[in-house]
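Each remark here refers to the structure printed beneath this line.
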Amino acid sequence: MSVSAMAELTVGFVQTGSESGWRTAFTNATKAEAEARGYDFKFADAQGKQENQIKAIRSFIVQGVDGIVLAPLVTTGWDKVLKEADRAGIPVVLVDRGLDSDPSLYVTSVGSDFTMEGAMIGAWMAVETEGTCDIVELQGAVGADAAIKRQAGFANVIENFPGMQIIASQTGSWSSTGGKEVMESFLKSIGGENICAVWAHNDNMAIGAAQAIKEAGLQPSEDILIASVDAITDIFKTMADGETNVTLELSPYQGAAAFDALEAHLAGEDVPKRITVPGGLFYPETAAEEYARRK
Ligand code: GYE
């Protein structure tokens with residue numbers, strides 16, 4: 001079916017909330033993509049609560065939308081409402097994060113390879129520290145696909161280096177405030193001199209950790225290395241200021257792939273169950289240029 005024939009498509013987008021800089025960029029890019037396609041686009045901000053996402057899905061079912069795009073906050077608790085959408089004949093496309101339901105209940109899962117993201121940061125850290133580093137980890141939200149898989153990917157790599165271990169790990173709930181508070185507690189309980197590096201599951205928590213390290217009288221990125229994922233605009237300023245070491249890009253432009261999959265499904269075409277979006281590692285050397293380009 002051509003895109004022009006899709007102009008009358010009514011699509012419901014169930015977003016997690018606005019917990020991070022990346023989330024805001026992803027929301028804005030997805031809304032722009034829907035507008036460019038002429039969709040009747042309905043947006044639901046779940047404000048970080050799964051029950052709000054489930055309510056939004058049920059509301060879109062009642063409204064009889066042509067398709068639902070869902071960024072699931074957590075991986076569990078979806079079977080019942082996905083079966084309701086299935087019975088109503090309304091296709092669901094997962095974007096950004098995945099979930100643990102029967103794949104027959106959704107068209108496809110669009111997103112980055114979170115396990116590889118964790119592994120890439122682990123590899124960077126192993127090279128940077130020559131395989132010897134006591135690491136503290138700032139996890140994303142508990143139960144989130146991205147946090148589960150980034151943690152696993154990172155652990156899979158560093159377990160190959162006897163001199164590398166995670167000495168503390170706690171969720172900072174994706175936010176700068178959360179990252180700062182958890183880092184402050186690590187600095188207090190472990191001592192900054194005993195921490196080699198921070199592995200933050202996203203840039204917002206990395207920025208918070210850098211602030212905590214500075215307030216403790218230490219130089220972030222030098223006394224304590226900091227690595228994270230997302231490549232949000234603000235992390236490039238922090239890197240250019242010499243306060244974090246690397247970030248891994250997570251594309252916010254996943255809406256187009258999700259909408260393409262929905263349109264293909266509605267046109268009766270086969271859609272793969274998994275559509276992976278790429279990412280890349282950024283270093284301080286290009287941070288000022290990247291910041292100027294994005295701000
Ligand atoms: O890294 C974080 C957001 O689901 C991969 O969610 C996404 C993560 C992203 O809150 O900033």
Side-chain angles (χ1 to χ4, degrees), residues 13-30 44-50 52-53 69-76 78 93-100 106 108-122 137-154 169-180 182 198-210 226-236 238-239 244 246-255 257-258 274-282 294:
F13 178 35
V14 183
Q15 182 56 295
T16 60
S18 54
E19 75 281 358
S20 70
W22 182 85
R23 183 67 49 192
T24 303
F26 172 42
T27 292
N28 294 340
T30 304
D45 175 341
Q47 296 178 338
K49 293 184 172 63
Q50 182 181 25
N52 290 343
Q53 292 196 307
V69 175
L70 166 67
L73 269 161
V74 292
T75 54
T76 56
W78 297 102
V93 170
L94 306 182
V95 68
D96 168 30
R97 298 182 188 170
L99 46 72
D100 290 346
Y106 53 85
T108 188
S109 177
V110 174
S112 63
D113 184 340
F114 300 133
T115 307
M116 182 58 76
E117 291 167 348
M120 285 171 75
I121 298 293
E137 179 180 39
L138 299 175
Q139 298 172 26
V142 175
D145 190 30
I148 294 166
K149 290 177 179 169
R150 282 175 182 165
Q151 183 170 29
F154 183 86
S169 180
Q170 191 178 323
T171 182
S173 303
W174 300 121
S175 71
S176 296
T177 307
K180 184 168 189 266
V182 173
V198 179
W199 154 222
H201 289 187
N202 82 333
D203 291 341
N204 291 82
M205 294 189 290
I207 291 167
I226 303 180
S228 57
V229 186
D230 280 357
I232 62 172
T233 301
D234 287 349
I235 198 68
F236 289 103
T238 306
M239 263 204 275
T244 58
V246 286
T247 185
L248 184 65
E249 182 176 32
L250 170 67
S251 170
Y253 303 103
Q254 302 184 22
R274 175 65 183 159
I275 298 170
T276 302
V277 296
L281 206 55
F282 286 97
R294 284 168 162 78

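Numbering of residues begins at 1 and proceeds along the displayed sequence. None of these values were measured; they are calculated from a predicted model. Just follow the structure's listing: the first ligand is 1, and inside any ligand the first atom is 1.
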Fill in: Among I275, V110, V277, the one residue meeting side chain to side chain contact (heavy atoms under 4.5 Å, CB included) with V95
V110
Discussion item. Between Q53 (side chain only) and L73 (backbone N and O only), is there a donor and an acceptor less than 3.5 Å apart?
Written reply: yes
Worksheet item: Numbering the atoms of ligand 1 from 1, which are under 4.0 Å from a heavy atom of W22?
Response: 7 (C), 11 (O)
Worksheet item: By number and element, which atoms of ligand 1 are closer than 4.0 Å to a non-hydrogen atom of L250?
Response: 1 (O), 5 (C)
Worksheet item: Judging by distance only, is a nitrogen or oxygen of E19 under 3.5 angstrom from one on ligand 1?
Response: yes
Worksheet item: Are any side-chain N or O atoms of N204 and backbone N or O atoms of G21, one a donor and one an acceptor, separated by less than 3.5 Å?
Response: yes
Worksheet item: Any donor and acceptor pair, going by atom type alone, linking the side chain of S251 with main-chain N or O of Y253 inside 3.5 Å?
Response: yes
Fill in: Interfacing atoms of ligand 1 (cut-off 4.0 Å, heavy-atom, S20)
2 (C), 3 (C), 10 (O), 11 (O)
Worksheet entry | Residues that R23 engages under salt bridge (Lys or Arg N to Asp or Glu O under 4.0 Å), provided they are two or more places apart | E19, D96
Worksheet item: Quick one: which of H201, E137, E117, Q139 gives a side chain to side chain donor-acceptor pair (under 3.5 Å) with R150?
Response: E117
Worksheet item: Taking distance alone, with no angle check, do R23 and ligand 1 share an N/O pair under 3.5 Å?
Response: yes
Worksheet item: Of all residues at least two apart in sequence or in a different chain, which pass the salt bridge (Lys or Arg N to Asp or Glu O under 4.0 Å) check with R294?
Response: E249, E290
Practice prompt. Number the atoms of ligand 1 from 1 as they appear, then name those within less than 4.0 Å of a heavy atom of D96, with their elements.
Written response: 4 (O), 5 (C), 7 (C)
Worksheet, complete the sentence: The protein heavy atom nearest to atom 2 (C) of ligand 1 is D230 OD2, 3.4 Å
Discussion item. Below 4.0 Å from ligand 1: does a non-hydrogen atom of F114 turn up there or not?
Written reply: yes
Discussion item. Out of all atoms in ligand 1, which are within 4.0 Å of some heavy atom of A146? Include the element for each.
Written reply: 4 (O), 5 (C)
Worksheet, complete the sentence: In ligand 1, the atoms that come under 4.0 Å of a heavy atom of R97 are 3 (C), 4 (O), 6 (O), 7 (C), 8 (C), 10 (O)
Fill in: K149 and ligand 1 - part of the residue with a heavy-atom distance under 4.0 Å
neither
Worksheet item: Between the side chains of S228 and D203, is a donor N or O closer than 3.5 angstrom to an acceptor N or O?
Response: yes
